[in-house]
Amino acid sequence: MLPSRHLRAAVRQRSHRPPAAGEAFSGKLDADVIRRNKAITVHMRAGRVGEAERLFDAMPSRSTSTYNAMLAGYASNGRLPVALSLFRSIPRPDTFSYNTLLHALAVSSSLTDARSLFDQMPVKDSVTYNVMISSHANHGLVSLARKYFDLAPEKDAVSWNGMLAAYVRNGRVQEARELFNSRTEWDAISWNALMAGYVQLGRMAEAQELFDRMPQRDVVSWNTMVSGYARGGDMVEARRMFDMAPVRDVFTWTAVVSGYAQNGMLEDARMVFDAMPERNPVSWNAMVAAYVQRRMMEKAKELFDIMPCRNVASWNTMLTGYAQAGMLDEARAVFDMMPQKDAVSWAAMLAAYAQGGFSEETLQLFIKMGRCGEWVNRSAFACLLSTCADIAALECGMQLHGRLIKAGYGLGRFVGNALLAMYFKCGNMEDARNAFEQMEDRDAVSWNTVIAGYARHGFGKEALEVFDMMRATSTKPDDITLVGVLAACSHSGLVEKGISYFYSMHRDFGVTAKPEHYTCMIDLLGRAGRLDEAQGLMKDMPFEPDATMWGALLGASRIHRNSELGKSAAEKIFELEPENAGMYVLLSNIYASSGKWRDVGKMRVMMEDRGVKKVPGFSWMEVQNKVHTFSVGDCVHPEKEKIYAFLEDLDMRIKKAGYVSATEMVLHDVEDEEKEHMLKYHSEKLAVAYGILNIPVGRPIRVIKNLRVCGDCHNAFKYISAIEGRLIILRDSNRFHHFRDGSCSCGDYW
DNA sequence: GTAGGGTTAG
């Protein structure tokens with residue numbers, strides 16, 4: 001980003017003399033200047049900045065348009081600082097000059113800079129407003145785009161289409177439609193844009209209806225429909241449109257190739273590809289992606305090697321291909337070899353590491369990214385934020401939030417929702433709420449994220465408050481909202497409330513109960529000890545119970561020590577999902593807690609027979625941008641001596657305060673003392689101990705565990721939070737626990 | 001010489 005004082009200085013020098021649109025420096029342009037201006041533009045467009053500069057320097061006289069050509073060239077070649085200093089040296093800049101700079105700032109610097117230039121512009125024309133409309137729309141700031149649209153004194157076709165596209169590109173097709181219906185003079189671009197809006201949402205019937213009604217169709221109209229059907233997986237219809245099209249261009253052909261590719265029809269894709277009259281890099285990329293999608297990396301590489309010309313996307317395709325095939329070394333090799341990297345390359349490499357569980361590498365790469373000064377675009381922001389959410393890298397996520405603000409990106413739906421989810425998944429409720437309050441465009445996803453977020457943290461009251469807020473808006477609650485609402489009731493013990501929502505949701509919100517809703521209800525009733533009612537609901541519902549529902553019942557049996565019911569639930573689960581290790585462990589724990597060691601032993605034999613591997617439990621936490629991982633007992637952490645010694649001491653102190661270790665929770669039937677020893681060194685305990693030692697007092701200790709928290713650790717953390725005066729936020733595979741002053745936000749209701 | 005629609009990679 002540019003320091004705004006440079007911008008202010010550049011503009012201040014200019015503002016004493018308002019220039020007029022189209023004004024030329026020398027009054028009359030001679031043919032030679034025009035010819036040379038054209039040559040400059042040609043060089044600039046081909047990326048030959050040096051050539052253009054030589055021409056410019058050699059010119060005996062220059063017009064303002066000469067400067068403008070240079071300015072546009074610098075801007076489109078990513079040379080923003082040079083563009084800015086050139087702008088300062090233009091003797092009489094006209095509105096063209098200002099518009100060019102405005103566009104450059106909006107595209108590659110920040111909207112804050114663009115806005116301040118806009119405010120200082122002495123003369124504005126419709127292009128000025130159009131730049132503001134489209135750049136705000138591209139950043140997801142639809143209401144600001146609308147503000148500039150309404151502000152524009154005269155609107156031309158581009159203004160109307162820009163506003164239409166602002167709605168369409170942000171998924172707000174309804175508002176686009178309303179705008180469209182408000183007048184009649186629309187051109188083919190407008191029809192195509194609105195059609196594309198429906199296509200993006202997969203609403204092909206409405207797109208087709210527009211297509212049939214449009215007064216004049218051009219090749220883009222056909223392409224929109226072909227690719228729409230292709231992306232929706234309807235290759236028959238896509239092919240029909242392709243065959244019917246009166247004109248085809250590279251886009252049409254590529255859409256079909258990519259359609260076949262994405263729907264797993266590799267041979268058809270190749271046939272069309274081979275038949276193409278001409279190909280561009282995108283067509284090649286689509287075919288390479290076809291092989292990549294089938295994990296045929298050798299074939300993909302073969303094609304990649306013979307491509308006449310590769311762009312960043314070609315490299316990115318190979319990079320993600322290797323990443324998805326789990327070939328992380330190859331992926332990294334491609335990443336290091338690429339001639340240019342863009343935001344996608346960084347995001348793909350980051351995602352590869354993150355999804356492979358290499359959080360260390362993920363963070364390292366992100367730090368490197370910051371050092372490289374890489375410009376992060378909106379989707380990369382969203383992708384990075386969700387990566388941070390997955391690994392609960394809060395500090396990383398907060399840095400991203402900071403850069404998001406600096407870049408002038410508003411909290412539009414995509415980035416805003418990703419940010420919300422990040423804060424919730426990292427256990428930072430305050431910032432999640434703040435981000436939500438600041439979002440300018442809330443959609444159902446935003447509301448759902450907040451409701452489900454609060455629910456998972458055991459903040460049932462807050463979740464239901466937000467739900468009430470949502471009901472006061474025009475955004476309609478959907479089935480996902482109600483899953484969140486029911487989960488909120490379940491996780492907070494609001495049993496009666498949950499039951500009443502469940503039975504009234506069809507009447508009040510038009511939501512029909514899906515299996516997910518029943519799962520919530522079984523969970524809710526089961527946790528409350530109303531096991532008979534839970535079973536009754538399962539019998540009466542219109543679906544066959546699935547493994548998750550039996551799992552909810554199994555969990556309830558564990559809390560309420562009903563090993564008979566637990567056993568029959570577990571048997572059903574073994575039938576449905578024989579490899580689900582978590583269920584064997586859960587059932588073992590139920591047997592163990594009632595001292596049925598023989599049955600515990602049987603479970604272990606069963607797991608061995610069926611080749612089910614128990615997922616090893618581990619926990620991790622972030623301290624100063626570094627992720628520390630802990631696993632049970634065998635801590636390899638460099639500071640393990642210190643951690644163990646501290647744990648011993650802590651253990652003594654919480655015992656004095658009344659803590660009794662619940663040896664019953666452990667899977668193995670070993671002697672008590674030994675059991676206690678194993679419990680003491682559960683991964684989450686090691687992590688919490690490390691946190692207390694390394695995180696300053698006053699800041700919460702955030703720990704993430706890949707499995708469900710063990711009951712004994714849960715109990716111990718309550719004591720620890722009181723004795724150490726710390727807030728401990730634990731994310732386990734099921735939900736969040738906030739330990740504070742001796743109690744947990746789950747109300748021991750997990 | 002500035003602004004608007006359709007194709008690839010996440």
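Reminder, nothing fancy here: chain letters follow the sequence lines and each chain counts from 1.
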Of the options B/dT2, B/dA9, B/dG5, whose atoms approach the side-chain atoms of A/V220 most closely? B/dG5

Return the value, rounded to whole Å, for the distance between atom CG of A/D125 and atom P of B/dG4. 14 Å

Side-chain N or O of A/T320 closer than 4.0 Å to phosphate OP1/OP2 of B/dA9: no

Value rounded to 0.5 Å, distance of CZ in A/F56 from CZ in A/R36: 12.0 Å

Output yes when a side-chain donor or acceptor of A/T64 lies under 3.5 Å from a complementary backbone atom of A/R92, and no otherwise. yes

Side chain of A/A348 only, please: which of B/dA9, B/dT2, B/dG10 is the nearest? B/dG10

Whole angstroms only, please: what is the CG-P distance between A/L102 and B/dG4? 12 Å

Can you find a donor-acceptor pair, distance only, under 3.5 Å between A/D218 side chain and B/dG5 base? yes

Among residues at least two apart in sequence or on other chains, which ones pass salt bridge (Lys or Arg N to Asp or Glu O under 4.0 Å) with A/D305? A/K301

Has A/H103 got a side-chain N or O lying under 4.0 Å from the OP1 or OP2 atom of B/dA3? yes

Taking A/L164's backbone N and O only, do any of them form a donor-acceptor pair with A/N161's side chain (distance below 3.5 Å, no angle check)? no

Name the orientation class of the two ring planes belonging to A/F211 and A/W222 (parallel below 30°, tilted from 30 to 60°, perpendicular beyond 60°). perpendicular

Once hydrogens and angles are ignored, does a donor-acceptor distance under 3.5 Å link the base of B/dG5 to the side chain of A/N223? no

Across the strands shown, which category fits A/R217 at heavy-atom distances under 4.0 angstrom: base, sugar-phosphate, nothing? nothing

Under 4.0 Å between a side-chain N or O of A/R231 and OP1 or OP2 of B/dT7? yes

Taking the basic N atoms (NZ, or NE/NH1/NH2) and the acidic carboxylate oxygens, is any pair closer than 4.0 Å for A/D336 and A/R332? yes

Any Lys/Arg nitrogen of A/R240 or A/E237 sitting under 4.0 Å from an Asp/Glu carboxylate oxygen of the other? yes

Contact list for DNA chain B against residues 274-304 of chain A - heavy-atom distance below 4.0 Å: A/V282, A/N285

A/Q324 vs B/dA9: side-chain N/O to OP1/OP2 distance below 4.0 Å: no

A/M132 CE to B/dT2 P, straight-line distance once rounded to whole Å: 19 Å

By the 4.0 Å heavy-atom rule, please label A/V131 as base, sugar-phosphate, or nothing. sugar-phosphate

Keeping the roles fixed (side chain from A/R169, backbone from A/N138), state whether a donor-acceptor pair exists under 3.5 Å. no

Checking side chain to side chain contact (heavy atoms under 4.5 Å, CB included) between A/V220 and each of A/D249, A/N192, A/I189, which is the one that passes? A/N192

Using a cut-off of strictly less than 4.0 Å between a heavy atom of the residue and any atom of DNA chain B, enumerate the qualifying residues of residues 235-269 of chain A by number. A/D249, A/F251, A/S258, A/Q262

